[in-house]
Every structure is written in C-alpha cells, then in structure tokens.
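Atom set for the values below is all heavy atoms of this structure, side chains included, hydrogens, waters and symmetry mates excluded.
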Amino acid sequence: MISARRRGAARLAAAVLASGTASAGALATAGPAAAHEVTPNPGGASATLNGLTVSDLAVVRDNGTPQQISAGLFQMTVDNGGTLHTYCIDVHTPTLAQARYQERPWNATSLHANEDAGKIRWILQNSYPQVNDLTELAAQAGSGPLTQETAAAGTQVAIWRFSDDADVEAVDPAAEKLADYLEREAEDRKEPRASLALDRPAISGRSGERLGPITVRTDAGGVTVTASGDSATSGVRVVDGRGEEVTSATDGTQLYVDVPAGTPDGAASLTAQAVTKVPVGRAFTSDTTSQTQILAGSSDSTVSATATAVWAERGPVPALTAQENCAEGGVDVTATNKGDAPFTFELAGARHTVGAGESKTITVPVKEDQPYKLTITGPDGFEETFTGALDCETARGAQRGEGLTTQLTPASYGGTIGGGSAGGGGLAATGGGDTTPVLTGMAVVLIAVGGGAILTVRRRRTAGAG
C-alpha cells in the first residue's frame, strides 16, 4: 500500500484532502503555500481484518516436520460499510489483528509470477462460500458430508497447494477429499478487474485547459463523483467530455478537471465512490507483515478511488504517481510534465529531468516485507513522499527462521457467511492474549504431529507456483 505526503511550493500546491466537503462537481484549490497530508487511493475496497471465522485443522509438512494448523475463512470489515470473506495465500506469514488491507491487482502481490493464480480463482468460484449448498458441493467432490468448517478447510488447503506450493492436507477426511477434487478440477481463470478504479491517479496541465481524461472502471451500477475541500470559489469543476458538470458516473465515463483561464496555480482532488460487491478473486495486501488474502465472497460494500489534478499558468507542471512493481522488486515512480518547461527532481540520490510534455518512470529497488520511504524533491521547495511496504513473495519458514505460523486457540466469534451460520469458527489468535494483538512467528502455537500420525502428507508441485 502506498501513501504520500506533499509540501506546497511557490508554483505547485499540494492536493486537497478528501475529507472536506464541496458543492457537487466543483473543486476547491489549495493555496501555493499550503501543506497537506495525502493518502492516494489506488481504488477498490479498504478493510480491517477481523480474524479467522470458520475453520478446521490441516497438516503442513514444513522442513520435513508435520505441523497442525488452522485452515479456513477470514472476515474483514470494509470502511464505510460492507463485509468481505477471504482465504490466505501466504501460509507462512502471520496475521495481525485489526490489520488494514487494501484491494490490489495480482501484479502487486505474490500472485504476480504464479502461473496457477487463475486456478485459485476457479477454486474460489466453485467452492465454499460461493457454493453454499454443502450437500451439492459434497456430491460434486464425492467427499461425504461437509460442514461449513470442513468445507472452508478443504477449500483453503486446495488454495495453499497453488499459492504456496505447500505440502498440506486437511485433517478431516471429507475436507481432504474436497481439497483433492478442487486441485484436480481447477481451471485457469482471468484476473477480475478492480471493484472501482480511476485509470489515472494524477493529472496535470495548464490553467485555461480541461485536464484529463480520467476514466472510471467499475462493475457497479452507478458511481458518485465528489470534490474535495471547502466550497469552491475558483470555478474549477469536474466535467464530462462536453464540459457539463459531473456528479455521477458509470463504467467507462471519462472525467475532466476544467480549470478556467486565470485561475491561480494550484491543485485539487476528486473522489469516486460506489456500493457494489467486490469481485471474487481480488487480492488484498496489508502495509504491515500480515498474510496476503484473496476474496472468496463480498456483501454490498463501499469502494472508492481518488485522483489529483495540478495546474499552473507557466513553467513545469508535474504529476507524480507511485506503483509497486513486483516483477522488478521495486516501486515505479512516474513523473508526467504537462507544462512548458522541463521539470528536474531528485529521487533515491539521483537527479532526473522530464521535458515539457514528456513522462518518465524510474523503478526504485526496495526490500521485500520492509517499509520504504521514497521522497521526490524539486525546485521552489517541491517535495512529495511515497511510503509503503512491498509484499510480493510468499514467505518460507526455513528462510524466515520462524517455522510455520498458525491461527490457533480461537476466541468465540459469530457471523454469517453466504446465508449460513458461521458459529463454531473463531477469531484468529494473535499471540500473547487480548492485550497483545500482533501474531508473530515466535508467539504462535505450533503443534507437531508425531511419526505415528495417521495422515500421509503428499508433496504437490505446481508449475510456476510460489
């Protein structure tokens, strides 16, 4: 997840915070000396992890030692309304209670190089809780009777075989048969698109121009478009291609920021928001060390995306964005200059220049699972900082020196999933009790299954997994 901080400069002001109110479709500008904290929203759902709600046991052979862990379905609460149900796609990484998560594309997660990512989505679409008739699911799998707990465990086990190349089996025989069925039948499926996204998170241009377009991408039936800041007095507006003021949009709508000639140099932001179901198979990552999750089911949930616009009458007019690039092991910082003079800036100890009307992307290497802070500085006191944490690889217990992490000793937690009761599941344990919310590798409960275990754990290898 990426956050950003701007300091205003003589010519380029910081983007207006999204927490203010404005007349619909109109934008408020920031003064040239203003300073604002900004958290860019790449689009989609933002949520908080509640814990493991429906689960049963599984056995993973880690470094030749079988260990018993919980396997099942997590629940998240979406900001401003909604509930998500997810499975883990990183078995060796712990969960962090109340960790913040953001909807992400596969290429910004551990799925970026996994050739079996599409099979995981097929499992999600063809198992619990999307298939909520457990009698029907058991008949398809030939597993024998399934409960919500064993159906969730079998589904999670099948997912781990593709997401982590894990040597894992469910303890319950019916859950294990379900896992085998799902692994055997899984077919490749395309990555689902974001629940809501704006294709350009930052735009720039000259005063007197219509800046954009920014295209709305969503499966929602309707999107509300609002402006940030106080009531607008400058005449800067969000408009469509015909120049008419916009307060709502649908998939494919193109939005522009109309800046009247003579408007003082400045910046503004707009927010798109909708209520919709998040597509099954969307990934979720945290900016802390907490298991990457993949969506198994969604209620109607509030999703949003923001974009900023910067303008000036003359000189350089840069728009800066940052996007995590798992394939390159770094963060792509892109500077686009729509002004009439070059924009020179410093990033990661190097100086770069973007000519008028040009764009340049610099990939800055960052370490896996380590917080990063990238600061861009320019003329007249210009400064913008992007922070986050790269989460591109599935962890390996031997490499981490931590063993296998689990979600055990659950506390009581109620809820409903797909219309059925979720009772019997539990809130994920997080280590040292109610006052210690962080589950670390050294604080979890590891249960070794001895040499006389009745389960036979088979090694499953999948091309390109992990």
Original post:
Which atom pair, heavy atoms only, marks the closest approach of D219 to P279?
Top reply: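 Looking at all heavy atoms of both residues, the shortest contact is OD2-CG, 4.2 Å.
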**OP:** Answer yes or no: is there a side-chain heavy-atom contact under 4.5 Å between S163 and Y87?
**Re:**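 Side chain of S163 against side chain of Y87, heavy atoms only: no contact under 4.5 Å found.
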Original post:
Which value, rounded to the nearest 0.5 Å, describes the distance between L73 atom CG and S55 atom OG?
Top reply: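 Separation between the atoms: 9.5 Å.
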**OP:** Determine the sole option in D240, V239, L270, T215 for which the side chain to side chain contact (heavy atoms under 4.5 Å, CB included) test with L255 is passed.
**Re:**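 Among the candidates, only L270 passes.
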Subject >> Test applied, side chain to side chain contact (heavy atoms under 4.5 Å, CB included); reference residue, S299; option that passes from V78, V275, L84, T83 >> reply: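 The option that passes is T83.
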**OP:** Please name all residues satisfying ring pair (Phe, Tyr, Trp, His ring centres under 6.0 Å) with F345, sequence neighbours left out, ordered by chain then number.
**Re:**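 Checked F345 against ring pair (Phe, Tyr, Trp, His ring centres under 6.0 Å); matches are F343, H352.
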Original post:
Considering the options D391, T86, T93, D90, which one meets the side chain to side chain donor-acceptor pair (under 3.5 Å) requirement together with T292?
Top reply: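 Filter result, single survivor: D391.
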Original post:
Is any NZ, NE, NH1 or NH2 atom of the basic residue among R61 and E169 found under 4.0 Å from an Asp or Glu carboxylate oxygen of the other?
Top reply: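 Here R61 does not pair with E169 in a salt bridge, since their nearest N and O are not under 4.0 Å apart.
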Original post:
Is the closest side-chain donor-acceptor distance between Y101 and S290 under 3.5 Å?
Top reply: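 A pair is found: one side chain offers a donor N or O, the other an acceptor, under 3.5 Å apart.
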Original post:
What do the steps show when you test Q291 against T95 for side chain to side chain donor-acceptor pair (under 3.5 Å), and what is the final call?
Top reply: CA-CA 5 Å; Q291 290 174 344; T95 52; 5.1 Å; no
Original post:
Any chance the side chains of D62 and H92 put a donor and an acceptor closer than 3.5 Å?
Top reply: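 Judged by distance alone, the side chains do pair up.
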Subject >> Counterpart residues, salt bridge (Lys or Arg N to Asp or Glu O under 4.0 Å), relative to D188 (two or more places apart) >> reply: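 Checked D188 against salt bridge (Lys or Arg N to Asp or Glu O under 4.0 Å); zero matches.
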Original post:
Do the side chains of F284 and L49 get nearer than 4.5 Å, heavy atoms only?
Top reply: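 A side-chain contact is absent here, since even the closest heavy-atom pair is not under 4.5 Å.
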Original post:
Hey, are E393 and K367 close enough for a salt bridge, meaning a charged N less than 4.0 Å from a carboxylate O?
Top reply: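 K367 and E393: not salt-bridged.
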Original post:
Would you call K177 and D172 a salt bridge, taking side-chain N to carboxylate O under 4.0 Å as the test?
Top reply: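 No.
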Subject >> Salt-bridge present (E187, R189; N to O < 4.0 Å) >> reply: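 R189 and E187: salt-bridged.
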Original post:
Should the pair E191-R282 be classified as a salt bridge under the 4.0 Å nitrogen-to-oxygen rule?
Top reply: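 Yes.
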**OP:** Check the pair H112, W106 against side chain to side chain contact (heavy atoms under 4.5 Å, CB included), reporting the backbone distance first and the verdict last.
**Re:** CA-CA 5 Å; H112 74 279; W106 289 356; over 6 Å; no
Original post:
Using 4.0 Å as the upper bound for N to carboxylate O, is an ion pair formed by R121 and D116?
Top reply: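 No, no charged N to carboxylate O under 4.0 Å.
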Original post:
Among T321, T336, D332, T334, which one satisfies side chain to side chain donor-acceptor pair (under 3.5 Å) with T361?
Top reply: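 The side chain to side chain donor-acceptor pair (under 3.5 Å) with T361 is passed solely by T334 among T321, T336, D332, T334.
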